[in-house]
Protein chains: 2
Amino acid sequence: MYEKYVKILKDHTLKITSPRLEVLKYLDEHHTHPNVEEIYSSLKKTHPSLSRTTVYNSLEILKKNRIVQSLAISGSELRYDIDERLHHHFICNRCGAILDISIACPNMDKTLQGGHRVEEVQGYFKGICKKCQTKEKGRSNNG
Amino acid sequence: MYEKYVKILKDHTLKITSPRLEVLKYLDEHHTHPNVEEIYSSLKKTHPSLSRTTVYNSLEILKKNRIVQSLAISGSELRYDIDERLHHHFICNRCGAILDISIACPNMDKTLQGGHRVEEVQGYFKGICKKCQTKEKGRSNNG
DNA sequence: ATACTAAATTGTAATAATAACAAAAAAGAA
DNA sequence: TTCTTTTTTGTTATTATTACAATTTAGTAT
């Protein structure tokens, strides 16, 4: 059940703790780029002793070890993602959904830019997602 | 002095107000990607009646009209930039500086991605800037 | 120039995300 | 099992941003 996540933590010589395993599992099973609140309130249901601060701490150490990545995309909060290989994101200004975008990008694996040491690369698009566009059309046709 | 900014506002049929002119001028003269606090406290010196809320409001309407762009790059606050043609950014994890990066990117003018309507494109790199790397070396050599 | 109206500015108070901190609990090594 | 260090927890503090109502102002019509 949790072996996969235990292994990930061990491989990074991180202590195996219940919150870390749960956070990791949650992100692995929910590729919706949740914010801290979503992760916390969801895990809280089955682990009532969980603290919000622990979610912050766990995410931070997972991030430091490059197991997860954070997206500064919404502007008001960080969103988290299991750090599969680099990909871009699209955020819908209407519904807030964050979607993965798989497109070729020549700048994704740069480790140097203008003399600066690059540790993280992010690309994102903002706009109106396909789903919300459909809703929009429906609304304007009906009323 | 302000004709340039008056023209910009007029071209977008926005009312000409002192705060808007000042914010616009500030961003035009400071390409440092300031946050709201920097803009506010700087303008406050010469315009004591200015309110922080007004800076927020002005930036928002300028953004809606695509005169400025906001960068959700730091994770904790929005940074603002006169919306010159699209370019990437680099943010230093050490000193917090945000620097413009001019590189070719095939995805910068996309208006559609996977069926989603794109209204904004952002690409950013995080890491250690050239300047901070130099400082780092100096420190480790000296003790 | 004057009066009018809608929109903008101001200041305060509320909200929300995150960080700081100290005490209690738990992980991993001896 | 004991010990030490790290982690978790809960509370409190901080910071960016939004909400809101009252005052002021821009631009227009008179």
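In the text below, chain A, chain B and the rest are named by the order of the sequence lines, each starting its count at 1. Model, not experiment: these values are computed from the prediction.
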K.L.:
Expected output is a numbered-order residue list: members of residues 13-42 of chain B with a heavy atom under 4.0 Å from any atom of DNA chain D. What is it?
P.N.:
B:K15, B:I16, B:V36

K.L.:
Can you figure out which of C:dG11, C:dA20, C:dA17 approaches the side chain of A:T53 most closely?
P.N.:
C:dA20

K.L.:
Is a donor from one side chain sitting under 3.5 angstrom from an acceptor on the other, for B:Q122 and A:Q122?
P.N.:
no

K.L.:
Check the side chains of B:Y5 and B:E22 for a donor-acceptor pair under 3.5 angstrom, ignoring hydrogens and angles.
P.N.:
no

K.L.:
Select from B:S76 and B:I61 the residue whose nearest nucleotide in DNA chain C is closer to the 5' end of that strand.
P.N.:
B:I61

K.L.:
Compute the ring centroids of B:H87 and B:H89, then answer whether they are less than 6.0 Å apart.
P.N.:
yes

K.L.:
Please examine the side chains of A:L71 and A:L78, heavy atoms only from C-beta on, and report whether any two atoms are closer than 4.5 Å.
P.N.:
no

K.L.:
How close or far is atom C1' of D:dT14 from atom CD of B:E77, stated in whole angstroms?
P.N.:
13 Å

K.L.:
To the nearest angstrom, how far is B:L43 atom CG from C:dT10 atom C1'?
P.N.:
15 Å

K.L.:
Relative to the 5' end of DNA chain D, which residue comes earlier, B:Y56 or A:S49, by the nucleotide with the nearest heavy atom?
P.N.:
A:S49

K.L.:
Grab the CD-P distance between B:E60 and C:dA7 for me, whole Å please.
P.N.:
15 Å

K.L.:
If you find the nucleotide of DNA chain D closest to A:V55 and the one closest to B:R52, which residue's nucleotide is nearer the 5' end?
P.N.:
A:V55

K.L.:
Using OP1 and OP2 only, check whether a side-chain N or O of B:T54 sits under 4.0 Å from C:dT10.
P.N.:
yes

K.L.:
Is any side-chain N of the basic residue among A:E60 and A:K64 closer than 4.0 Å to the acidic one's carboxylate O?
P.N.:
yes

K.L.:
Testing the 3.5 Å rule here: is there a donor-acceptor pair between the side chains of A:H33 and A:D100?
P.N.:
yes

